[in-house]
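Reading through the structure tokens given below for one structure.
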Amino acid sequence: MLNNRFWKKRAENYNKTSWVKDDHLLDAYLSLIPKNNIYKNILEVGIGTGVVANKVVDMIGPMIGLDKSKEMMSKIDHEGINKVVGDAHNLPFNDNHFDFIYMRNVIHYLENPTKAFAEILRCLKNGSFFLFSQVIPFSDKISEEYDELIGRDIHYPNHGEINELFSDYTIIKEVEYVLEGQSIMNWLDNTCDDKQKKQLIIDKHKNTSNMYKKMVNYREDNDDISVDIKHLFVLAEKK
Ligand SMILES: C[S@@+](CC[C@H](N)C(=O)[O-])C[C@H]1O[C@@H](n2cnc3c(N)ncnc32)[C@H](O)[C@@H]1O
């Protein structure tokens, strides 16, 4: 599992990774927030540098943001966001407290996503919503190849595995959103400062299967590689 040192280093450049602040991606995700509800208690789990939260506060009101990395949260500068250092596996909140909880791109860093999903369920009020977002492999069939390519010794849960995590929720809506033509060099420049490792990951991409390359619309141009990246959004309700 990636430790706090990883996030301490990553905090400086995190917002420069192109998907992080992509407005189309953010708008598509946040358009799933149910309208006409009053949200008094809102929580983001794994808030990071607050990119999503900055928009959420403006849309539906002040909120709590929890993250285990204080360095990531030190980049947040919005008076509507109350920062809490904590762990998604053990949320420091009462049962049935929140009207709305959301989480983007956190579960691949968790030792036990099932436990985090149970915690989120515990902290939600009955009839309230959980809005989830996650980068997923283009198809469940290439799950292993995907983990190998990212090269971080972590597992990216695929669509099928994510559906299992929602077994105690009622799924209201699922959307697969494709972010086209993402630069591998932009991602590596902002997430990896080990030159050798960078080169290894580039070589791995160049040597992927034709099936993978076709699925992700693989392109090599100049000194970069571009691929499409799939995100899964799930809106679910506490039964
Ligand atoms: C890829 S970032 C996502 C940040 C933000 N949600 C976003 O979409 O920009 C993952 C975040 O999850 C946090 N994180 C990882 N493991 C965690 C845990 N067990 N509990 C709380 N936060 C965690 C990291 O510190 C990091 O800020």
Side-chain angles (χ1 to χ4, degrees), residues 1-33 42-59 63-78 81-93 98 100-123 130-136 146-147 150-157 162 165 177 179 182 186-192 229-234:
M1 250 327 101
L2 299 168
N3 56 23
N4 273 342
R5 265 189 25 236
F6 173 84
W7 291 108
K8 193 173 180 175
K9 272 200 338 220
R10 213 176 145 186
E12 282 318 310
N13 289 334
Y14 181 77
N15 287 2
K16 294 187 205 156
T17 313
S18 55
W19 68 266
V20 171
K21 292 180 86 172
D22 186 281
D23 275 329
H24 293 290
L25 175 73
L26 282 164
D27 290 347
Y29 175 47
L30 297 180
S31 71
L32 297 178
I33 299 177
I42 303 166
L43 171 68
E44 177 168 358
V45 178
I47 188 172
T49 57
V51 170
V52 190
N54 288 335
K55 291 203 175 219
V56 170
V57 175
D58 294 341
M59 285 171 75
M63 56 177 284
I64 295 176
L66 172 135
D67 202 287
K68 70 171 194 184
S69 164
K70 62 177 187 336
E71 287 82 9
M72 287 290 278
M73 286 198 295
S74 73
K75 306 295 172 195
I76 300 173
D77 180 21
H78 194 309
I81 301 172
N82 181 7
K83 300 182 242 181
V84 173
V85 178
D87 188 342
H89 297 97
N90 191 8
L91 294 175
F93 307 109
F98 290 100
F100 181 61
I101 301 183
Y102 68 97
M103 176 167 79
R104 180 176 84 152
N105 281 343
V106 177
I107 53 165
H108 48 304
Y109 298 116
L110 300 179
E111 265 157 47
N112 188 345
T114 306
K115 174 93 170 64
F117 268 60
E119 276 294 89
I120 289 169
L121 195 66
R122 177 183 68 72
C123 294
F130 173 37
L131 181 59
F132 169 85
S133 173
Q134 179 62 30
V135 175
I136 55 169
Y146 194 78
D147 291 346
I150 304 284
R152 289 202 190 131
D153 296 326
I154 54 176
H155 174 54
Y156 278 68
I162 289 170
L165 291 171
Y177 182 96
L179 204 51
Q182 296 300 294
N186 165 274
W187 169 64
L188 285 173
D189 284 346
N190 294 305
T191 56
C192 177
I229 306 272
K230 194 181 265 187
H231 293 248
L232 173 67
F233 308 146
V234 182

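As a basis for the values below, the full set of heavy atoms in this structure was taken, side chains included, without hydrogen atoms, waters or symmetry mates. Since this is a predicted model, take the numbers as computed values, not measurements. Remember, it's 1-based here, ligands and their atoms both numbered in the order they're listed.
When atom types are taken as modelled, the side chain of Asn186 and the backbone of Ser18 share a donor-acceptor pair closer than 3.5 angstrom. A distance-only check finds a donor-acceptor pair linking the side chain of Arg104 to the backbone of Val20 [under 3.5 Å].
A side chain to side chain contact (heavy atoms under 4.5 Å, CB included) with Thr191 holds for exactly one of Lys16, Arg152, Lys9; it is Arg152. Each of Phe100, Phe233, Phe117, Tyr102 was evaluated against Phe130; a single residue qualifies, Phe117, per the ring-ring contact (aromatic ring centres under 6.0 Å, His included) test.
Using a 4.0 Å cut-off to heavy atoms of Leu110, the atoms of ligand 1 that qualify are 16 (N), 17 (C), 18 (C), 19 (N). The distance from ligand 1 to the heavy atoms of Gly86 drops below 4.0 Å at these ligand atoms: 20 (N), 21 (C). Interface of Tyr109 with ligand 1, defined as ligand atoms under 4.0 Å from a residue heavy atom, comprises 1 (C), 10 (C), 15 (C). Listed by atom number, the atoms of ligand 1 under 4.0 Å from Asn105 heavy atoms are 1 (C), 2 (S), 3 (C), 10 (C). Contact atoms of ligand 1 toward Ala88: 18 (C), 19 (N), 20 (N), 21 (C) (distance under 4.0 Å to a heavy atom of the residue). Each of the atoms 4 (C), 5 (C), 6 (N), 22 (N) of ligand 1 lies under 4.0 Å from some heavy atom of Gly46. Here is the list of ligand 1 atoms found below 4.0 Å of a heavy atom in Asp87: 18 (C), 19 (N), 20 (N). Atoms of ligand 1 found under 4.0 Å from any heavy atom of Met72 (numbered from 1 in listed order, with element): 27 (O).
Comment: Asp23 engages Lys55 in a salt bridge, judged by a side-chain N to carboxylate O separation of less than 4.0 angstrom.
With hydrogens left out, the protein atom closest to atom 8 (O) of ligand 1 is Arg104 NE, 2.5 Å, a heavy atom. In this structure, the protein non-hydrogen atom closest to atom 9 (O) of ligand 1 is Tyr14 OH, 2.9 Å.
Nearest to atom 23 (C) of ligand 1 by heavy atom, out of His89, Gln134, Lys68, Glu71, is Lys68. Of the candidates Asp67, Val85, Asn90, it is Asp67 that places a heavy atom closest to atom 26 (C) of ligand 1.
Only the side chain of Glu44 comes within 4.0 Å of ligand 1, judged by heavy-atom distances.
In plain terms, the two heavy atoms of Ile47 and Gly65 that are nearest each other are CD1-CA, 3.6 Å. Closest of all the heavy-atom pairs between Ile33 and Met59 is CD1-CE, 4.0 Å.
For Lys8, the NZ atom sits in a loose shell: 12 or fewer heavy atoms of surrounding residues, nucleotides or ligands are nearer than 6.0 Å. Dense packing is recorded around CG of Asp58, with more than 12 heavy atoms of other residues, nucleotides or ligands lying under 6.0 Å away.
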